[in-house]
Amino acid sequence: MSTRGLRKTYRRFDLSQVVAVEGLDLDVPAGGVHGFLGPNGSGKTTTIRMLLGLAAPDSGEMRLFGVPVPQRLPDVVGRVGAVVEQPKFVPMFSGRRNLQLLATAIETPHARVEEVLELVDLRERARDPFRRFSLGMKQRLAIAATLLKDPDLLIFDEPTNGLDPAGIRDVRATMRRLAGEGRTVLVSSHILAEVEQVADTVSIVARGRLVAEGTVAALVRGRGQVRVLVPDRAAAAALLAAQGWTVQPEGDGLVVAGTADGGAVNEVLARGGVYAHDLRTVHDDLESVFLELTAHVGTGGTQRRGRRGRTSDDHEVVA
Ligand SMILES: Nc1ncnc2c1ncn2[C@@H]1O[C@H](COP(=O)(O)OP(=O)(O)OP(=O)(O)O)[C@@H](O)[C@H]1O
């Protein structure tokens with residue numbers, strides 16, 4: 001999946017414009033889990049809706065499986081499954097019955113229902129009525145519905161929203177399992193910790209623009225701090241600051257920001273005749289990288305749509 005120069009504006013009730021997506025260049029490699037990350041209102045849902053033909057871009061290009069969309073969406077839509085908002089399940093019917101109804105609607109054999117229930121680990125609870133399902137189970141049922149037609153690309157918009165830790169863990173495990181089968185999973189989130197552990201690669205957006213992309217390891221590499229305990233803090237601080245590092249006192253020691261290279265810090269100190277009696281490297285996690293990258297850009301447009309607190313009851317299954 002890719003986008004080039006993608007742009008979408010909305011008109012507010014007072015006729016002013018909100019730029020939801022602004023010149024977005026997104027690349028999602030085939031296979032694996034790709035995190036689509038950004039603060040609330042940074043344009044993730046709008047981008048996903050455009051990719052699925054649910055909203056029209058103002059300008060820019062989008063490709064799915066190498067073909068331009070929305071122009072040729074009908075050619076590839078069968079290879080895409082998405083969970084984006086709004087419920088489509090009957091509360092009184094069992095999870096299995098709900099899936100069977102959908103399977104009939106898209107002319108898929110009911111045997112596939114058993115397969116997808118297995119894939120999302122819901123087989124044992126498939127006889128329970130949907131209304132008795134926990135949020136996590138509802139979410140996995142929505143994922144199961146998208147799997148009925150065996151898509152190569154799965155798109156999940158904030159799939160762990162409103163879930164408890166066990167629900168989050170189960171949805172994560174489901175995403176990993178799907179990627180393990182060779183599918184591509186695109187998952188959007190504004191909570192990095194939820195995606196960091198499951199994503200192979202990520203794109204970070206802020207105000208509708210890409211601010212970073214790559215593997216989680218590459219994004220956090222080299223970012224961090226080195227903490228040192230030294231006998232002479234003033235001398236050590238002078239030596240380290242001379243390297244261009246930001247040095248701050250902390251407790252009995254010093255924190256050297258802007259490097260995660262403990263060896264280099266140690267060498268500078270030793271060459272200057274200051275011997276550290278303790279030195280540790282603290283690597284930034286993706287959360288700090290994300291905050292740093294998105295802080296100065298802020299969040300999206302000024303108009304909010306009151307979607308905070310949305311639960312997984314609001315999922316739209318594009319099957
Ligand atoms: N239908 C709409 N009408 C007007 N403004 C909209 C509409 N949809 C989105 N917006 C605005 O566009 C911007 C981007 O919203 P979008 O929902 O795409 O962001 P998001 O990154 O998915 O956020 P969240 O994490 O809250 O879901 C926001 O400022 C939002 O208020």
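One is the number of the first residue; the rest follow in order along the sequence. For ligands, and for the atoms within them, numbers begin at 1 and follow the listed sequence. Both backbone and side-chain heavy atoms feed into the values below; hydrogens, waters and symmetry mates do not.
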For this session: Report the part of Val18 in contact with ligand 1, treating N, CA, C, O as backbone and CB onward as side chain, heavy atoms under 4.0 Å; options are side chain, backbone, both, neither.
Result: side chain
Could you tabulate the donor-acceptor pairs under 3.5 Å formed by side-chain atoms of residues 116-126, not counting sequence neighbours?
residue	atom	partner	partner atom	Å
Glu118	OE1	Arg123	NH1	3.1
Arg123	NE	Glu114	OE1	3.3
Arg125	NE	Asp128	OD2	2.7
Arg125	NH2	Asp128	OD2	2.9

[X] N/O under 3.5 Å from ligand 1 N/O:
X: Gly43; answer: yes
X: His190; answer: no
X: Arg11; answer: no
X: Gly41; answer: yes

Exercise. Any idea which of Val205, Thr46, Ile191, Asn161 brings a heavy atom closest to atom 15 (O) of ligand 1?
Worked result: Thr46
For this session: Answer yes or no for Glu158: is there a heavy-atom contact with ligand 1 below 4.0 Å?
Result: yes
For this session: Please confirm whether Pro39 comes under 4.0 Å of ligand 1, counting heavy atoms of the residue only.
Result: yes
Using a distance-only test with no angle check, is there a side-chain donor-acceptor pair under 3.5 angstrom linking [X] and [Y]?
X: Thr9; Y: Asp58; value: yes
X: His110; Y: Thr104; value: yes
X: Ser203; Y: His34; value: yes

For this session: Considering the heavy atoms of Ala20, write down every atom of ligand 1 situated less than 4.0 Å from one of them.
Result: 12 (O), 13 (C), 14 (C)
Exercise. With a 4.0 Å cut-off, would you call Asp170 and Arg172 a salt bridge?
Worked result: no
Exercise. Do we get Lys138 above Phe89's six-membered ring, with its NZ or CZ under 6.0 Å from the centre and within 45° of the axis?
Worked result: no
For this session: Output all residues satisfying side chain to side chain contact (heavy atoms under 4.5 Å, CB included) with Gln71, sequence neighbours left out; order by chain, then residue number.
Result: Pro68
